[in-house]
Amino acid sequence: MADQQVEFALDLIRKYDKSGPRYTSYPTAPQFHEDFGPEAYEEVARATNAEAPKRPLSLYFHIPFCDTLCFYCACNKIATKDRSKAVTYLDYLFKEIELQGALFDGDRPVDQLHWGGGTPTFLNPDQMRALMAKTAEHFRLRDDDSGEYGIEVDPRAADSATIAALREVGFNRLSVGVQDFDPKVQEAVNRIQPAEQTFAVIDAARREGFHSLSLDLMYGLPFQSRKTFAHTLERVLEARPDRLAVFNYAHLPDLFPPQRRIRDEDLPAPEEKLEILQYTIERLTAAGYVYIGMDHFALPDDELTRAQQQGQLHRNFQGYSTHADCDLVAMGVTAIGSVGATYSQNVRTLEPYYAALEAGELPVFRGYELTGEDRLRRAVITRLMCDFALDFDRVEADWGVDFREHFAAELADLAEMAADGLIELMERGLTVTPRGRLLIRNIAMVFDAYLRAKEGAQRYSKVI
């Protein structure tokens, strides 16, 4: 087994704690532009059918509705209690499925599928069945439970019948939002979710035979402390989820208006926030979890852990994945896809989404076509984010460059990180040390040509 330990080095975290991308794509979204629209997307999508071998597909569906508004949320969502909005939304989403499905050959299997939001379980079981059935009409879904089919679940909007319906329609992975079990924290962020409600969903998922269960936590929320968060961790560990995502709350009220309801004075001090993170890492490691990277932990036998050990881990808009070879087709308002050597994003609000589909057009409003240099740097950043290592010989063989010559400026900039013990810089590669793994974003940022040109660094959250 590869060394996958992580070391909490407070002095280095303070030194390197600056804003930067999460690298679910490279180039990142600030580089997307509106010159790339529906026609460009369709041309690229059809061209992928001529590739040999054809890549399998990954489908993402964005369900934007939420019954209540969580004040910390930075996602694209629509808070409403009007369930009829889902009826209209699905009518148009079905139109998009038809348009997208017509672009891709029917022999390309869907190896990965994900519903995100918002709250996908805003849909009732009959609507879920209808959405999956419509998808199956236009795409070749796996019918043997071998695909990686996941959904984000809010326990406040799900019960045992919901979980059974999700399994019935083909989902085999659940991501369950928790954030924190402390009642005072929950009240401050407007997410009242008793632990019993969460465990009922977890128990139902286990009964229904889901392959993988992931829980989402968040540190840095109002009224959190190391002591209170420790109680949440202990309750979570009772459930022994396959994966845990422990996200940093980025307080950016100017960008995300709901966060204005969170008072600055209620947030934990930076020192307390770091203590929460340090304790979380130490406790999860002691409990047998492996640090995959970028807030994610998994059990040693989880497929993410195995993929990382085998050098096959991938990263996309849904986070870490075991499917590196798929074209990602994204549907729904604001959804972002990656087809061929391009990225594309749908319009962000309902009215233009509906209008485009009413006119028989895809609702793509911006995107990006990667250059050769972009693809090279994406490969370098992806391997760093997924492997905590970089093999110069492999890069040279794959991309036909002399690594040390091509990245001379970057290697010079890495010298300080090597001196600080974040990386071991060798003649033919580099390895991220346990103390550098929490700062993997900083290391990857060295290879980001757009950040090096000082384009858009202020758009991102802090790395820690």
Side-chain angles (χ1 to χ4, degrees), residues 59 61 63 66-67 83 86 110-133 135-136 141-181 186 191-217 231-246 284 287-290 292 296-306 318-322:
L59 306 183
F61 295 90
I63 312 298
C66 293
D67 182 80
R83 301 283 163 166
V110 176
D111 282 354
Q112 187 180 49
L113 181 147
H114 189 84
W115 291 4
T119 306
T121 46
F122 187 89
L123 304 180
N124 65 44
D126 285 341
Q127 290 170 330
M128 294 173 183
R129 293 183 185 98
L131 176 52
M132 195 66 87
T135 305
L141 297 183
R142 296 283 187 185
D143 59 7
D144 58 358
D145 212 25
S146 65
E148 185 180 286
Y149 290 7
I151 181 172
E152 299 166 14
V153 172
D154 183 344
R156 301 169 302 166
D159 56 20
S160 57
T162 307
I163 302 304
L166 292 175
R167 192 71 180 101
E168 172 197 327
V169 300
F171 286 105
N172 50 34
R173 288 158 177 80
L174 284 188
S175 175
V176 179
V178 174
Q179 319 318 336
D180 196 313
F181 282 136
Q186 290 186 357
R191 188 185 177 103
I192 308 302
Q193 183 177 317
E196 293 71 25
Q197 198 171 41
T198 301
F199 283 107
V201 166
I202 293 170
D203 291 343
R206 293 259 161 79
R207 286 196 304 271
E208 296 295 336
F210 278 80
H211 297 181
S212 178
L213 175 68
S214 177
L215 299 188
D216 291 349
L217 303 178
H231 290 305
T232 290
L233 273 183
E234 293 311 310
R235 294 300 307 274
V236 164
L237 289 173
E238 290 175 18
R240 196 70 175 169
D242 303 281
R243 303 173 187 173
L244 276 163
V246 188
L284 294 181
Y289 285 85
V290 173
I292 298 297
H296 285 72
F297 298 80
L299 291 173
D301 60 350
D302 185 82
E303 58 192 351
L304 283 184
T305 309
R306 296 198 305 270
Q318 283 77 62
Y320 286 105
S321 165
T322 60

Main-chain N/O of Tyr149 paired to Asn172 side chain as donor or acceptor, under 3.5 Å:
yes
Regarding Glu303 and Ser212, is there a side-chain donor-to-acceptor distance under 3.5 Å anywhere?
no
A side-chain contact here means heavy atoms from C-beta on lying under 4.5 Å apart; do Leu217 and Leu233 qualify?
yes
Side chains of Val201 and Thr198: closer than 4.5 Å at any heavy-atom pair?
no
Test item: Arg167 side-chain N/O and Phe171 main-chain N/O as donor-acceptor pair under 3.5 Å
yes
Can you name the closest pair of heavy atoms from Ser321 and Glu148 and give their distance?
OG-OE2, 3.9 Å
Minimum heavy-atom distance Thr305-Leu299, with the two atoms named:
OG1-O, 2.8 Å
Taking atom CD1 of Ile202 and atom CD1 of Ile163, what is their separation to the nearest 0.5 Å?
10.0 Å
Between Gln127 and Asn124, is there a donor-acceptor pair closer than 3.5 Å when you use the side chain of the first and the backbone of the second?
yes
Any non-hydrogen side-chain atom of Arg243 less than 4.5 Å from a side-chain atom of Tyr289?
no
Are Asp301 and Arg306 within salt-bridge range, i.e. N to O under 4.0 Å?
no
Between Arg156 and Asp67 (salt bridge meaning N to carboxylate O under 4.0 Å), is one present in this structure?
no
Is it true that a side-chain atom of Arg142 and a backbone atom of Gln112 form a donor plus acceptor pair closer than 3.5 Å?
no
Donor on one side chain, acceptor on other, Glu152 and His114, under 3.5 Å:
yes
Thr232 side chain to Phe181 backbone, donor-acceptor under 3.5 Å:
yes
Identify the heavy atoms of Met132 and Trp115 that sit nearest to each other, and give their distance.
CE-CZ2, 4.2 Å
Separation between CZ of Phe210 and CG of Leu174, rounded to the nearest 0.5 Å
4.0 Å
Which atom names give the shortest non-hydrogen contact between Ile292 and Ala298, and what distance separates them?
CG1-CB, 3.9 Å
I need the minimum non-hydrogen distance between Leu113 and Val110, along with the two atoms involved.
CB-CG1, 4.3 Å
Ignoring hydrogens and geometry, is there a side-chain-to-backbone donor-acceptor pair from Arg191 to Gln179 under 3.5 Å?
no
Working note: Thr162 + Met128, criterion side chain to side chain contact (heavy atoms under 4.5 Å, CB included); need CA distance, chi angles, decisive distance, verdict.
CA-CA 9 Å; Thr162 307; Met128 294 173 183; 3.9 Å; yes
Rounded to the nearest 0.5 Å, how far apart are CD1 of Ile151 and CD1 of Ile63?
8.0 Å
For Gln186 and Asp180, indicate whether the former's side chain and the latter's backbone hold a donor-acceptor pair under 3.5 Å.
yes
d(Leu213 CG, Arg173 CZ) to nearest 0.5 Å is 12.0 Å
Using a strict 4.0 Å threshold on nitrogen-to-oxygen distance, state whether Asp126 and Arg129 make a salt bridge.
yes
Please report the interatomic distance CG(Leu215) to CZ(Arg235), rounded to the nearest 0.5 Å.
12.0 Å
Taking every non-hydrogen atom, the tightest pair across Pro300 and Gly288:
CD-O, 3.2 Å
Would you say the side chain of Ser160 lies within less than 4.5 Å of the side chain of Arg207, judging by non-hydrogen atoms?
yes
For a quick check under 3.5 Å, do Asp145 and His211 share a side-chain donor-acceptor pair by atom type?
yes
Keeping the roles fixed (side chain from Glu208, backbone from Ala164), state whether a donor-acceptor pair exists under 3.5 Å.
no
